[in-house]
Amino acid sequence: MFRETYKCIESALQEITGIKDVGLIEGGEHADFASTVAFSIGRENKTSPVPIATDIADKLSKLEILKAIKIETKGPYINFIAGEEYLKEALVCACQEGYGNLEKRGIRVVLEHTSANPNGPLHVGHIRNTIIGDTLARAFRKAGFQLEVQYYVNNIGRQIAIVVWGLDNLDLIQNESEKSDHFIARVYIEANKKINNDNTITGQIDHLMQKVEAIEPETTKKFFYAVGICLSGFETTLLELNAKHDRFVSESDFIRNGDTDRLIGKLKRLPECHIEDRMYLDLSNEGFLKEYVIVRSDGTTVYAARDLAYHIWKGRNFDRVIDVLGADHKLIGGQLIATLKLIGERTPEIVHFEFVSLPEGSMSTRQGKFISADELILETRKRAREEVRTRRPELSTEEQERIAQSVALAAIRYDIVKVSPEKNTVFNWEEALNFERQSGPYIQYAFARASSILEKAGDFSPLYQVKDQSEIAVVKQIAKFPYIIERTIIELRPHLIASYARELADLFNSFYHDLPVLKAAEEEKRSRLTIVKATAQTLKETLSVMGIDALKTM
RNA sequence: GGGCCUGUGGCUUAGUCUGGACAGAGCGCCGGGCUUCUAACCCGGACGUCGAGGGUUCAAAUCCCUCCAGGCCCGCCA
């Protein structure tokens, strides 16, 4: 309702004033919407904005389509207060299954996220990518887009060559209890130590890369083996994080199918292309002073070449291409886009997120300085298990475990998604293991409380009526949900969902505390049950967009 | 040295793109609330030079400039 009403008021204001930007904002405590358009008209005419506001408000009040909205002025502000109709309609919408779904749009979107190098387990930095990406993916599906989520597997890069060298030369064996991606990290870390002490190894690594690029069968097999076992570890972690990729795309495919060669042929015809020993593009006209190297002097391609080929393929098969990448990829992301423009291909929209560091400094797989996602999951589950055991001792161990796992997932995903992507963060165990306010479990808890009331109430016939202050506050928040979905996919900022969900849970908890539902008189009982149902439904949808389980009991 | 991002009460953070009505939350602190639909909860209180300084504007946390601090990038790595 919020979304529709906003658009309705906006166009009415545009019609009356003839101004495109009518300064329609959220009204805060004064109103539901407010317009500051009188200020700009007043400035234009060099007259007081107050009578202008009054005049516009008069004209608006006469409009049939704004009948349900109370319009008043407070000085130069034109305030809009949603009436009973608005609240009722919001309730009706929210009680339906799939509330917040936007209209289907037949637009195919490919969204790439995580895409970590398979040289060690996913750590708490990587999963910021995963969680931002997966939440965006869920929001896009909810907003009616056809979506495919991809993981781009860097399976022939230098890091993998180092792992392959390590597997061949270091006599390391995977321990029985060791997850395969953790084993690969051990090999990678050891190999790097050896490389630091012996500079002949670099030549051997180069040689491996030449062989894999020439698709030499034995070497290729070794690369694929190393990548395969690491990836199988990732898949377990991703599953536990409730993040799903529709397709894993390997960069080696773009060598094998000739796309990279074709791309290089095309780039060679650009005036920006220079072939000396290496082949590179001079993108200085686009504002990039660095050489954008495509082919090394030994004839092998660098990552950029395969990535360009991958993006051309994505651009030709989808209407929109979205990448979630760490802030360290900003420069190469810019170079990639500039190059795709030069050759007339579709460019990706890149969502960058800033780094997660540890209190002692930045993370590094190579140096073994990281907190793995697996460790985080393990610890959070442990903590959640303790919590469930004390709160719900009467439940079976299986039931407790099921709840604990969901609570742990909620805590992890929410802790990460709630912070805006452009913020640097320092990983904090205390915050991650917090299940209280402003946490995922807090929102789950609000849903569980609502579910418990509905469960006890049994069948009831809904009554769409909103009277008390705390009822109005909840329903107004419910009304905003589709608008939040829309903003999330326009701004590509999934933390908006997180803030929204928390506010909804806050308002519901106040309502829950203020007003009895089951013990209310007949009519109020029905209307409050309707509000509880609408809230539960909306909370369930927000949780689902965040990839968090909606638990009916916890 | 250059580029990008960040700087909001003791700590974490929303709001900044799209300027607007007293800067919202949470943790922590102080004080209340479980014979009442799950207290992973609710209510109240104290705590803010919105990094600093200039500028634009009727109006600046928000736009512009300078400076300071932190992160990231500036590989024939990815």
Side-chain angles (χ1 to χ4, degrees), chain A residues 21 23-25 27-31 34-36 39-40 42-43 48-49 74-77 79 115-117 119 154 157-162 206 251 277-280 287-291 293-298 300-304 306-307 326-332 334 352-355 357 362 384 387-388 391-392 407 411 418-426 428 430-431 434-446 448-457 491 493 495-496 498-499 502-503 505-506 509-510 512-520 528-529 532 553-554:
Chain A
D21 179 14
L24 192 59
I25 55 175
E29 68 206 76
H30 306 274
S35 170
T36 58
F39 283 108
S40 36
R43 171 154 179 70
S48 163
K74 186 100 178 237
Y77 293 92
N79 289 335
S115 300
N117 252 321
N119 59 353
N154 308 136
R158 186 164 210 99
Q159 276 81 350
I160 308 309
I162 292 171
D206 290 343
E251 64 172 334
D277 43 353
R278 74 275 181 212
M279 171 182 147
Y280 68 92
F288 300 98
L289 300 176
K290 285 300 296 177
E291 287 182 2
V293 175
I294 307 294
V295 183
R296 297 188 184 95
S297 38
D298 70 357
T300 58
T301 56
V302 298
Y303 172 80
R306 282 103 63 178
D307 203 25
D328 54 336
H329 285 62
K330 277 187 184 172
L331 175 61
I332 56 160
H352 287 289
F353 64 93
E354 290 288 334
F355 268 46
S357 55
S362 45
E387 203 70 27
V388 178
R391 289 169 191 281
R392 304 298 302 276
V407 166
K418 73 178 179 190
V419 183
S420 23
E422 66 274 14
K423 216 100 167 180
N424 295 90
T425 61
V426 177
N428 179 335
E430 204 184 320
E431 284 276 315
N434 172 35
F435 301 156
E436 295 184 339
R437 297 190 67 166
Q438 301 205 343
S439 77
Y442 170 79
I443 297 159
Q444 286 181 307
Y445 186 68
R449 283 176 135 186
S451 300
S452 169
I453 293 177
L454 294 172
E455 170 81 25
K456 289 197 167 76
E491 298 186 24
R493 285 151 63 80
H495 79 289
L496 296 176
S499 302
R502 196 213 74 230
E503 280 164 24
D506 284 346
N509 277 327
S510 299
Y512 181 95
H513 183 263
D514 292 348
L515 304 169
V517 178
L518 297 174
K519 285 177 184 159
R528 284 179 190 162
L529 276 169
V532 173
T553 180
M554 63 185 279

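So you know, we letter chains A, B, ... as the sequences are listed, proteins then strands, and number each from 1. None of these values were measured; they are calculated from a predicted model.
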Whole-angstrom distance between [N] and [M], as gauged at atom [atom1]:
| N | M | atom1 | answer |
| --- | --- | --- | --- |
| U49(B) | G33(B) | C1' | 37 Å |
| C29(B) | C65(B) | P | 43 Å |
| G44(B) | A25(B) | P | 10 Å |
| C11(B) | C58(B) | C1' | 38 Å |
| G28(B) | U18(B) | P | 38 Å |
| C67(B) | C76(B) | P | 30 Å |

| request: Take H352(A) and D328(A) through the side-chain contact (heavy atoms from CB on, under 4.5 Å) test and state the conclusion after the steps. | output: CA-CA 9 Å; H352(A) 287 289; D328(A) 54 336; over 6 Å; no
| field | side-chain contact (heavy atoms from CB on, under 4.5 Å) partners of A161(A), counting only residues at least two apart | value |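 With neighbours one apart ignored, the set is I205(A), L208(A), M209(A), F223(A).
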Could you tell me whether [X] contacts a base, only the sugar-phosphate backbone, or nothing, with contacts defined as non-hydrogen atoms closer than 4.0 Å?
| X | value |
| --- | --- |
| V293(A) | sugar-phosphate |
| M279(A) | nothing |
| T553(A) | base |
| V407(A) | base |
| R449(A) | sugar-phosphate |
| L515(A) | base |
| Y280(A) | nothing |
| A34(A) | base |
| A448(A) | base |
| L331(A) | sugar-phosphate |
| Y442(A) | sugar-phosphate |
| I332(A) | base |
| R528(A) | nothing |
| N119(A) | nothing |

Taking [atom1] from [X] and [atom2] from [N], how many angstroms apart are they, rounded to a whole number?
| X | N | atom1 | atom2 | result |
| --- | --- | --- | --- | --- |
| H329(A) | C77(B) | NE2 | C1' | 10 Å |
| R437(A) | G24(B) | CZ | P | 16 Å |
| D506(A) | C42(B) | CG | P | 6 Å |
| R502(A) | C27(B) | CZ | P | 11 Å |
| I453(A) | C37(B) | CD1 | C1' | 5 Å |
| H513(A) | C42(B) | NE2 | C1' | 4 Å |
| L24(A) | A21(B) | CG | C1' | 15 Å |
| D298(A) | C77(B) | CG | P | 9 Å |

| query | When you match D21(A) and P441(A) each to their closest nucleotide on RNA chain B, which lands nearer the 5' end? | reply |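 It is D21(A), whose closest nucleotide lies nearer the 5' terminus.
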Ignoring hydrogens and angles, tell me if any N or O in the side chain of [X] forms a donor-acceptor pair with the backbone of [Y] under 3.5 Å.
| X | Y | value |
| --- | --- | --- |
| R528(A) | P516(A) | yes |
| N434(A) | E436(A) | yes |
| H495(A) | V419(A) | no |

Short side-chain donor-acceptor distance under 3.5 Å, [Y] and [X]:
| X | Y | result |
| --- | --- | --- |
| N154(A) | R306(A) | no |
| T301(A) | R296(A) | no |
| R392(A) | T553(A) | yes |

| Stacking here means centres under 5.5 Å and planes under 30°; does F355(A) stack on G71(B)? |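 Here F355(A) fails the 5.5 Å or the 30° condition.
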| Can you check whether H30(A) stacks with the A21(B) base, using ring centres under 5.5 Å and planes within 30°? |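 A stacking contact exists, since H30(A) sits close and nearly parallel to the base ring of A21(B).
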I'd like a list of close polar pairs between nucleotides 58-65 of chain B and the protein, N/O only, cut-off under 3.5 Å.
{"from": "C58(B)", "atom 1": "OP1", "to": "R43(A)", "atom 2": "NH1", "distance (Å)": "2.6"}

So, does the side chain of [X] form a donor-acceptor pair with the base of [N] at under 3.5 Å?
| X | N | answer |
| --- | --- | --- |
| S510(A) | C42(B) | no |
| D277(A) | C76(B) | yes |
| N509(A) | A39(B) | no |

With sequence neighbours left out, what residues match [X] under ring-ring contact (aromatic ring centres under 6.0 Å, His included)?
| X | value |
| --- | --- |
| Y77(A) | F39(A) |
| Y512(A) | none |
| Y442(A) | none |

| R437(A)/D506(A) salt bridge by N-O under 4.0 Å criterion |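 Yes, D506(A) and R437(A) are salt-bridged.
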| task | Measure from the side chain of A327(A), starting at C-beta and using heavy atoms only, and say which of C76(B), C72(B), G26(B) lies closest. | result |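 When the side chain of A327(A) is considered, C72(B) is the closest of C76(B), C72(B), G26(B).
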| In B/S/- notation, 5' to 3', how is nucleotides 3-16 of chain B contacted by protein heavy atoms closer than 4.0 Å? | -SSSS----S-SS-
